[in-house]
Novice: 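Please read through the structure below; I'll follow up with questions.
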Amino acid sequence: MFYGVDLSSRLMLGTAQYPSPAILAQAIAASGTEVITVSLRREGTGGASFRDLIRASGCRILPNTAGCHSAKEAITTAHMARELFGTNWIKLEVIGHADTLQPDPFALVEATRVLCADGFKVFPYTTEDLIVGEKLLEAGCEVLMPWGAPIGSGQGLRNAAALATMRAHFSGVPLVVDAGIGAPSQAAQAMEMGFDAVLLNTAVAKAVDPVAMAHSFGAAVQTGRMAYDAGLMPPRDMASASTPIFGMAELA
């Protein structure tokens with residue numbers, strides 16, 4: 001549940017870089033997603049036809065502030081997105097490093113505080129830093145979106161141990177792994193760790209067959225969550241025989 005909204009799919013899908021609008025529409029349908037992210041920059045290049053396509057998908061639109069490098073820029077973009085798309089949901093990105101696209105934690109918290117006070121439901125793109133997470137929650141967020149790896153890198157869960165710690169620390173907070181996922185197995189891994197959803201774009205949009213890849217990610221997320229709910233066995237330091245010694249034949 002995100003801000004009081006129940007969703008049946010735990011996959012969120014980006015809408016940039018697809019080979020064509022038709023393939024984008026097919027990928028959205030094949031993924032089973034109920035939430036798609038849209039940046040104002042992407043919307044601006046597609047115009048009314050792109051807007052019609054994403055609305056026809058029937059998905060909830062999560063506008064994002066992709067490409068913003070200051071709190072002021074992100075706040076302005078968020079207000080424009082609310083007016084254009086008619087939603088208080090916003091994926092908040094404030095980029096602090098040009099090469100890694102790592103978020104600027106100080107500007108992110110600042111923008112979050114302003115937007116939450118103005119009625120926005122903020123989904124902040126952040127790192128796995130626990131202190132930043134605490135500050136974002138104090139600023140009004142009810143969801144955190146830590147990165148798996150740098151945007152578009154396909155490296156997967158580069159710091160799985162830190163993500164596991166974050167999941168344990170914020171046990172009652174919805175957490176979405178956002179960015180860096182490159183394969184369905186990596187999405188399943190995030191779900192097996194207990195994350196509530198994953199958000200990805202490039203791994204589907206740039207696949208040889210984006211529609212088939214979207215379907216694969218949808219299935220992987222579902223399977224990973226089923227495994228988590230079923231209760232995964234913990235790793236062991238030593239071997240443990242699955243066949244008991246008791247009852248085995250004794251050979252003289």
Side-chain angles (χ1 to χ4, degrees), residues 1-16 24-25 27-29 31-44 46 50-68 71-95 103 107-126 132-133 135-148 151 170 172-179 181 190 195-201 204 217-218 221:
M1 179 180 290
F2 301 104
Y3 291 105
V5 177
D6 275 321
L7 301 169
S8 59
S9 173
R10 295 177 181 273
L11 175 64
M12 300 179 179
L13 195 63
T15 57
L24 168 59
I28 291 172
S31 72
T33 186
E34 295 172 86
V35 177
I36 53 177
T37 63
V38 181
S39 73
L40 285 192
R41 286 171 171 78
R42 174 66 182 88
E43 204 286 330
F50 177 72
R51 199 178 315 145
D52 291 342
L53 184 154
I54 61 174
R55 286 176 175 159
S57 71
C59 295
R60 178 179 287 269
I61 299 173
L62 177 60
N64 68 53
T65 62
C68 292
K72 180 179 180 181
E73 185 181 10
I75 292 167
T76 300
T77 302
H79 280 90
M80 293 171 61
R82 180 163 65 179
E83 182 177 347
L84 182 62
F85 295 109
T87 178
N88 283 331
W89 280 25
I90 190 73
K91 178 190 170 187
L92 183 61
E93 296 183 29
V94 186
I95 300 303
L108 181 64
V109 171
E110 178 187 350
T112 295
R113 185 174 292 109
V114 172
L115 292 173
C116 286
D118 196 30
F120 282 89
K121 310 300 183 184
V122 176
F123 292 70
Y125 165 62
T126 182
V132 176
K135 296 298 183 182
L136 289 168
L137 295 177
E138 291 172 4
C141 287
E142 297 179 16
V143 179
L144 298 175
M145 301 182 73
W147 65 350
I151 294 172
F170 297 110
V173 178
L175 299 182
V176 181
V177 174
D178 175 20
I181 290 179
F195 282 87
D196 297 277
V198 297
L199 194 159
L200 54 96
N201 187 153
V204 171
F217 269 106
V221 168

Novice: Take Val5 and Arg60, measure what side-chain contact (heavy atoms from CB on, under 4.5 Å) needs, and give me the verdict at the end.
Specialist: CA-CA 10 Å; Val5 177; Arg60 178 179 287 269; 3.8 Å; yes
Novice: If every non-hydrogen atom of Cys68 is compared with every non-hydrogen atom of Glu93, which pair is closest and at what distance?
Specialist: CB-O, 3.7 Å
Novice: In the structure I gave you, are the side-chain heavy atoms of Thr126 and Trp147 within less than 4.5 Å of one another anywhere?
Specialist: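 Result no, sub-4.5 Å side-chain heavy-atom pair not found.
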Novice: Rounded to the nearest 0.5 Å, how far apart are CG of Leu115 and OG1 of Thr77?
Specialist: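 That separation rounds to 10.0 Å.
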Novice: With a 4.5 Å cut-off on side-chain heavy atoms, are Val143 and Val173 touching?
Specialist: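 Result no, sub-4.5 Å side-chain heavy-atom pair not found.
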Novice: Side-chain contact test, heavy atoms from C-beta onward, threshold under 4.5 Å: evaluate it for Arg82 versus Asp118 and give yes or no.
Specialist: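 Arg82 vs Asp118: side chains touch.
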Novice: Between Thr33 and Leu11, is there a donor-acceptor pair closer than 3.5 Å when you use the side chain of the first and the backbone of the second?
Specialist: yes
Novice: So, Tyr3 side chain and Val122 main chain: donor-acceptor pair closer than 3.5 Å or not?
Specialist: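 Such a contact is found between Tyr3 side chain and Val122 backbone.
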Novice: Assess the residue pair Tyr125 and Leu108 against the criterion (side-chain contact (heavy atoms from CB on, under 4.5 Å)); give the C-alpha distance rounded to whole Å, side-chain angles, the decisive distance to 0.1 Å, and a yes or no.
Specialist: CA-CA 8 Å; Tyr125 165 62; Leu108 181 64; 5.8 Å; no
Novice: Quick one, Phe170 and Leu137 - any side-chain contact, counting heavy atoms below 4.5 Å?
Specialist: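 Yes, at least one pair of side-chain atoms sits under 4.5 Å.
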Novice: Would a 4.5 Å heavy-atom cut-off, applied to side chains only, mark Met80 and Phe85 as touching?
Specialist: no
Novice: Which of parallel (below 30°), tilted (30 to 60°) and perpendicular (above 60°) describes Phe123 and Trp89?
Specialist: tilted
Novice: Got a sec, which residues hit salt bridge (Lys or Arg N to Asp or Glu O under 4.0 Å) with Arg113, two or more places apart in sequence or on another chain?
Specialist: none
Novice: Which heavy-atom pair separates Arg51 from Ile54 by the least distance, and what is that distance?
Specialist: O-CG1, 3.2 Å
Novice: Find out whether Asn64 and Ile90 are in side-chain contact, i.e. whether some heavy atom of one side chain is under 4.5 Å from a heavy atom of the other.
Specialist: no
Novice: If you look at every heavy atom in Ala71 and Val94, which pair is closest and at what distance?
Specialist: N-CG1, 4.1 Å
Novice: Dump the intermediate steps for side-chain contact (heavy atoms from CB on, under 4.5 Å) on Leu62 and Ile36, then the final yes or no.
Specialist: CA-CA 6 Å; Leu62 177 60; Ile36 53 177; over 6 Å; no
Novice: Could you tell me whether the side chain of Asp178 and the main chain of Val198 form a donor-acceptor pair under 3.5 Å?
Specialist: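 No.
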Novice: Which residues pass the ring-ring contact (aromatic ring centres under 6.0 Å, His included) test with Phe120, sequence neighbours left out?
Specialist: His79
Novice: Under the 3.5 angstrom rule, does the side chain of Thr15 hit a backbone N or O of Thr37 as a donor-acceptor pair?
Specialist: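 The answer is yes, because a donor-acceptor pair under 3.5 Å joins these two groups.
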Novice: Minimum heavy-atom separation for Ala139 to Cys116, with atom names?
Specialist: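 The pair with the smallest heavy-atom distance is O-CB, 3.5 Å.
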Novice: Which heavy atom of Met1 sits nearest to which heavy atom of Pro174, and what is that distance?
Specialist: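 Scanning both residues completely, I find the closest heavy atoms to be O-CG, 3.5 Å.
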Novice: Step by step, would you call Met145 with Val177 a side-chain contact (heavy atoms from CB on, under 4.5 Å)?
Specialist: CA-CA 6 Å; Met145 301 182 73; Val177 174; over 6 Å; no
Novice: Mind checking whether Leu200 and Phe217 have side chains closer than 4.5 Å, heavy atoms only?
Specialist: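 A side-chain contact exists here, since the closest heavy-atom pair is under 4.5 Å.
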Novice: Between Thr65 and Ser39, is there a side-chain heavy-atom distance shorter than 4.5 Å?
Specialist: no
Novice: For Asp196, is there any backbone N or O sitting under 3.5 Å from a side-chain donor or acceptor partner on Arg10?
Specialist: yes
Novice: Is it true that a side-chain atom of Glu34 and a backbone atom of Ser8 form a donor plus acceptor pair closer than 3.5 Å?
Specialist: yes
Novice: At what distance, to the nearest 0.5 angstrom, does CG of Leu136 lie from SG of Cys141?
Specialist: 5.0 Å
Novice: Quick check: closest heavy atoms across Val204 and Ala27, and the distance to 0.1 Å?
Specialist: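 Result for this residue pair: CG1-CB, 4.4 Å.
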